[in-house]
Amino acid sequence: MSDIEHHDQFPLSLPTDDYDLDGDRLREECGVFGIFGHPDAAAITALGLHALQHRGQEAAGIVAFDGKRFNTERRLGLVGDHFSSEQTIQRLPGNAAIGHVRYSTTGDTILRNVQPLFAELASGGFAVAHNGNLTNGLSLRRDLVRDGAIYQSTSDTEVILHLVARSRRGPLLERFIEALRQIEGAYSLVALSNKKLIGARDPLGIRPLVLGSLDGKYILASETCALDIIGAKYERDVENGEIIVISESGIESHKPFPPMPMRPCIFEYIYFARPDSIVHGRSVYDVRKNMGIQLAQESAVDVDVVIPVPDSGVPAAIGYAQASGIPFELGIIRNHYVGRTFIQPRQSIRELGVRMKHSANRSVVSGKRIVLIDDSIVRGTTSVKIVQMMRDAGAKEVHFRISSPPITHPDYYGIDTPKREKLLAANHSLEDMRRFIGCDSLAFLSVDGIYRAVGYEGRDPQRPQFTDHCFTGDYPTPLTDLNGDAGRQQLSLLAEAV
């Protein structure tokens, strides 16, 4: 039976825009960076953002303070397109700066939504950059607008600025803490005032934030790879629910929230973090290799060659090959010099456009039984095209193995996932998915398997070690914007369980 016949029997069809492979990937969240007290603050921030570019490619921005005024540069596009010139850095004088790379999960891709966002408060200028998503951001925005607030953006980050501005507390830190007490969801924040650099992480530590140092000056960043690029020393992770305050007096740690069990996002290990980063003491590269090892143990298949779907499938494929003893080969070559997949009105041209990003390495594939290793399946449309590409290149059999569990629930914490009705695994059996994709066999890593890959015996059902709702439906915070006030008791119950 041909691949097309497989699809004709399956009730799900490919929309015409699904030839755009970009639409079938999990979107990176955002990346933040901040440094205080260094004469080259803006240049160092630009380098840090370069290292975090994988977390957001739609826009980038830097705010620097020179002792008298805040200077801002915000641009649509890549960091290197706008922050590599000496002229741009000269427009950002000062010894303190924060920066942001963005992929929009709330708010359109327009310049007024590019972060860091800045406002003049009664106490002086205040800039903030945010990685994550507020699950009550729309509700707070509605209430603030009703009370007379005027918004300049559609980003939920601006909610934080308004809450700080409206606080009746005294010092800025107290107003900042009061604002954080009102927000729900996931966040890692860096903020800059005329005297302080502030970092904050949500009470569950869903989004990452690390503390580093360079020439005796402190740095905040989303990942350790941003420290490596500038030769900075990794000091430690910012703890869940912790606020770090850096000033000329040194560094302070504040923990204004009730203690809660930490639940960082498991997708940092699966997809988002750069392979050379260290997340919570674990090498991302090593964890991804371990996922491949676990996958080989759970879902062995008799094939001739292991082939990764580049680039995120490479470490898991290496682990799968090592554990199975099957040779590893690069059977798919990715073109790194292509942006958005080529879109043209005629379907025949759209199909050709897919090959601009991925090409089959025919000498490796032809006449072979192959197993493809990828990190995840979202809607499945990319997988369909990759499998067909392998068949067109002469593969005798095409098996598919995924180094994470099936994605059955959408994310509301800063990952741009489709609605549940568009998630392939949420609506179809494993056999239906196999037929739709057109592969000879299909298997996913189990939930316990992914926990074992990180270093645990398995998932603790009473107190999960990670935020893993995309696989389990276990959302760790209230989803107020989605469900109204239902579930607001969840956070307090979690706190009481500690």
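Neither side chain, Asp375 nor Ser404, offers a donor N or O lying under 3.5 Å from an acceptor on the other. Checking Ser441 against Arg401 by side-chain atom types alone, a donor-acceptor pair falls below 3.5 Å. A side-chain donor-acceptor contact under 3.5 Å links Ser139 and Asp481. When only modelled atom types and interatomic distance are considered, Ser213 and Glu235 share a side-chain donor-acceptor pair under 3.5 Å. When only modelled atom types and interatomic distance are considered, Tyr475 and Thr135 share no side-chain donor-acceptor pair under 3.5 Å.
The two residues Thr417 and Pro410 make their nearest non-hydrogen contact at OG1-CA, 3.4 Å.
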Query raised in the report: Given Val365 and Glu329, is the side chain to side chain contact (heavy atoms under 4.5 Å, CB included) satisfied, shown in steps?
Result: CA-CA 9 Å; Val365 172; Glu329 296 286 356; over 6 Å; no
Requested in this report: Test Arg459 against Asp474 for salt bridge (Lys or Arg N to Asp or Glu O under 4.0 Å), laying out the working first.
Outcome: CA-CA 12 Å; Arg459 184 182 193 267; Asp474 179 10; 3.0 Å; yes
**Report entry** Step-by-step ring-ring contact (aromatic ring centres under 6.0 Å, His included) determination, Tyr451 to Tyr269
**Finding:** CA-CA 11 Å; Tyr451 275 78; Tyr269 291 112; over 10 Å; no
Query raised in the report: Going through the checks in order, is the salt bridge (Lys or Arg N to Asp or Glu O under 4.0 Å) test met by Arg181 and Glu178?
Result: CA-CA 5 Å; Arg181 292 187 190 278; Glu178 185 178 51; over 6 Å; no
Requested in this report: Mind running salt bridge (Lys or Arg N to Asp or Glu O under 4.0 Å) on Asp440 and Arg391 for me, showing each step along the way?
Outcome: CA-CA 11 Å; Asp440 293 282; Arg391 294 200 186 278; 3.1 Å; yes
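Looking at heavy atoms from C-beta onward, Tyr413 lies in side-chain contact with Thr477 at the 4.5 angstrom threshold. Counting heavy atoms from C-beta on, the side chains of His54 and Cys225 come closer than 4.5 Å.
Look at Asp215 and Lys217 and you find no salt bridge, because none of the NZ, NE, NH1 or NH2 atoms lies under 4.0 Å from a carboxylate O.
Counting heavy atoms of neighbouring residues, nucleotides and ligands inside a 6.0 Å radius, atom CD of Glu421 exceeds 12 of them.
For the side-chain contact (heavy atoms from CB on, under 4.5 Å) with Val210, the qualifying choice from Val279, Ile219, Thr224 is Thr224, the only one to do so.
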